[in-house]
Structures are given as structure tokens and as C-alpha cells.
Amino acid sequence: MIRTLIVDHHPALRAGVKVVLEAEGDMVVVGDTGAHEELLPLLRRTRPDVVLLDCHPPKVAGLRACRLIKCLIPAPRVLIYSAYADECLRVAARVAGADGLLDKNSSALDLVQAIRVIRRGRQLLEPIRPGDVQHAMRSLDRQEAQILEMLLDDMPPSEIAVALSMSPASVGRRVDDILGRLCAEPPWTSADIPCDRPAA
């Protein structure tokens, strides 16, 4: 059974998605919430395989939640489910460590298949186009642009820290800033996010 957790600010959408998923013979919804502050204890209590994560304005809140989820050991797979799956979010989802990105206009069948795909360990992210990267770079300073390029090349933050002679915590803060700028919102910081994973 694929244990799925739904995170969405709309109660009606959560209820509808739950009906769709539990109609499948290989899926069970182990919890749902509309509040990111409830997410960490719910994750630890339910231990889902897949988190279906809404990413609505302010989108950076959902991306922060994605980074938090991927700190857990073991980390569940994350499918960002958004009505705002534009080129900005495609780049930001990669930076935040998401395993997949799906538009909310997609069919119920597409949603079910996407959950199965990422549960098997595959990624469901469109290739980042050069134009998307160039657009993202416009809002970044030189060091942020370097970090973004390395992240898009799948370089771990620990290696980025070594390559740029930075501390891992400093790299984490810069990634926070990058996500804030990509979403055109004031950057948040996640230096104090509770995290089961040792600092990389």
C-alpha cells in the first residue's frame, strides 16, 4: 500500500483527493492537513511514503515545507500539486528537492499515476529549459546564481559548501534566499527548522 499524506489549504480539495486515492486498491491516505505548522508532528506520526503538497501563493511556504519534509530520515517522496506550475515553480521545485510537480488541472488518473511513479523512486519533473534558468538568474546575485547552477546539476549542498568555501548552514540560508527570490516573495529562513537529518 502507498501511504499518502495530503497537505492542502482547501478542506474540500483534501476530501476530494482522499476519495480519489482511497478508491485505488494500492493506496491509503494516512492523514491530511491544511496547516504547515502541523506538518512535522503529522509526518512523524503517520510516516507516509508520499506527501501530496499544495504550493499556492505564497508559494515559498510550500517550498519551505518541501525542504523540511526532505530533511526527515527516511524522507518520503514529495509531489508538489499546484495550480501555479509555471516555469518559476519548475525551477524552484528542483531547488526545494521535490520528486515531482503536477498541475491541479490534471486528471484524477494523472494524479494517481504520478503518485505511483514517484513512489517507485522515479522523478516526475520536466527538464529545466535554458530559458527558465536564464529567467531565474535575473533575480539572483552572483553567488546565488552559482549555487543555483550547482543545485540544478544535482550537486549535494555539502559539496556546494566545500566548492564555495562556505559553511553548510550558510549554503542553506542562501538556498532559502534563492527560493524566496524565485517566487518573488520576501525570503524566509529555515536555519532553525527542526530536522532529523544531520547537517550536510
Side-chain angles (χ1 to χ4, degrees), residues 3-18 20-21 29-44 46 48-72 75-106 110-111 114-115 117-119 123-126 128 132 135-136 139-140 144 148 151-152 157 172-197:
R3 297 167 56 80
T4 305
L5 175 66
I6 303 168
V7 183
D8 194 288
H9 68 302
H10 285 302
L13 188 142
R14 295 200 306 271
V17 170
K18 183 175 181 179
V20 168
L21 299 187
V29 176
V30 295
D32 68 271
T33 183
H36 288 150
E37 60 269 20
E38 298 175 0
L39 183 54
L40 186 63
L42 188 57
L43 284 163
R44 287 176 169 153
T46 61
D49 301 308
V50 176
V51 177
L52 185 63
L53 179 64
D54 179 33
C55 203
H56 65 282
K59 289 184 285 187
V60 73
L63 295 167
R64 178 184 185 184
C66 182
R67 291 198 69 207
L68 169 60
I69 293 166
K70 300 306 284 188
C71 280
L72 299 177
R77 310 288 287 175
V78 178
L79 177 62
I80 292 180
Y81 190 48
S82 178
Y84 303 90
D86 55 14
E87 66 278 359
C88 161
L89 191 54
R90 284 198 296 270
V91 175
R94 282 280 302 275
V95 172
D99 301 291
L101 174 63
L102 187 68
D103 194 297
K104 282 187 176 179
N105 293 317
S106 302
D110 287 340
L111 172 60
I115 290 172
V117 165
I118 68 166
R119 177 63 182 90
Q123 285 203 328
L124 197 63
L125 295 166
E126 290 185 23
I128 303 298
D132 296 342
H135 178 75
S139 61
L140 307 180
E144 290 168 345
L148 177 62
L151 289 169
L152 294 179
R173 285 191 291 271
R174 296 299 269 170
V175 173
D176 290 350
D177 291 342
I178 290 167
L179 289 173
R181 295 185 203 285
L182 290 179
C183 294
E185 296 161 359
W188 38 264
T189 62
S190 61
D192 298 322
I193 289 178
C195 185
D196 293 337
R197 188 178 298 280

Problem - ring pair (Phe, Tyr, Trp, His ring centres under 6.0 Å) partners for His9, two or more places apart - result: His56
Problem - All side chain to side chain contact (heavy atoms under 4.5 Å, CB included) counterparts of Leu42, not counting sequence neighbours - result: Leu5, Thr33, Arg45, Thr46
Exercise for the section: Mind checking side-chain hydrogen bond (donor to acceptor under 3.5 Å, both in side chains) for Arg3 and listing every partner two or more places apart, or none if nothing turns up? Expected result: none
Handout entry: side-chain contact (heavy atoms from CB on, under 4.5 Å) assessment of Thr4 paired with Leu79
Key = CA-CA 10 Å; Thr4 305; Leu79 177 62; over 6 Å; no
Fill in the blank from the handout: Interatomic distance, CG@Leu182 vs CD@Glu144, rounded to 0.5 Å, equals 9.0 Å
Handout entry: Flag, side chain of Lys70 to backbone of Pro76, donor-acceptor distance under 3.5 Å
Key = yes
Handout entry: Heavy-atom closest pair, residues Cys66 and Ala96
Key = SG-O, 3.5 Å
Practice task
Sequence neighbours left out, what passes salt bridge (Lys or Arg N to Asp or Glu O under 4.0 Å) with Arg77? Give chain and number order.
Solution key: Asp99
Problem - Side-chain heavy-atom pair Leu140, Asp177 within 4.5 angstrom cut-off - result: no
Problem - Any Ile118 side-chain heavy atom under 4.5 Å of Val78 side chain - result: no
Exercise for the section: Answer whether the closest heavy-atom distance between the side chains of Leu179 and Arg64 falls below 4.5 Å. Expected result: no
Problem - CG on Leu111 to CG on Asp103, rounded to 0.5 Å - result: 11.5 Å
Handout entry: Val17 and Asp32, any side-chain heavy atoms less than 4.5 Å apart
Key = no
Problem - Residue pair Val175, Leu151: steps toward the side-chain contact (heavy atoms from CB on, under 4.5 Å) verdict - result: CA-CA 9 Å; Val175 173; Leu151 289 169; 3.9 Å; yes
Practice task
Under the side-chain contact (heavy atoms from CB on, under 4.5 Å) rule, what do Val29 and Arg14 come out as? Steps first, then yes or no, please.
Solution key: CA-CA 10 Å; Val29 176; Arg14 295 200 306 271; over 6 Å; no
Problem - Arg119: partners by side chain to side chain contact (heavy atoms under 4.5 Å, CB included), with sequence neighbours left out - result: Ile2, Asp49, Val50
Fill in the blank from the handout: Interatomic distance, NZ@Lys18 vs CG@Leu13, rounded to 0.5 Å, equals 13.5 Å
Handout entry: For Ser139, all residues meeting side chain to side chain contact (heavy atoms under 4.5 Å, CB included), sequence neighbours excluded
Key = Arg181
Fill in the blank from the handout: Asp132 meets the side chain to side chain contact (heavy atoms under 4.5 Å, CB included) criterion, sequence neighbours left out, with Glu87, Arg90, Val91, Ile128, Arg129
Exercise for the section: State which residue, out of Leu101, Val51, Leu125, Leu124, fulfils the side-chain contact (heavy atoms from CB on, under 4.5 Å) condition with Ile80. Expected result: Leu101
Problem - Rounded distance (nearest 0.5 Å) linking atom CD1 of Ile178 with atom CG of Leu148 - result: 5.5 Å
Fill in the blank from the handout: With sequence neighbours left out, the residues meeting salt bridge (Lys or Arg N to Asp or Glu O under 4.0 Å) with Asp54 are Lys104
Practice task
Test Leu63 against Cys55 for side-chain contact (heavy atoms from CB on, under 4.5 Å), laying out the working first.
Solution key: CA-CA 7 Å; Leu63 295 167; Cys55 203; 4.0 Å; yes
Problem - Pairwise distance CD1(Ile69) to CG(Leu53) - rounded to 0.5 angstrom - result: 5.0 Å
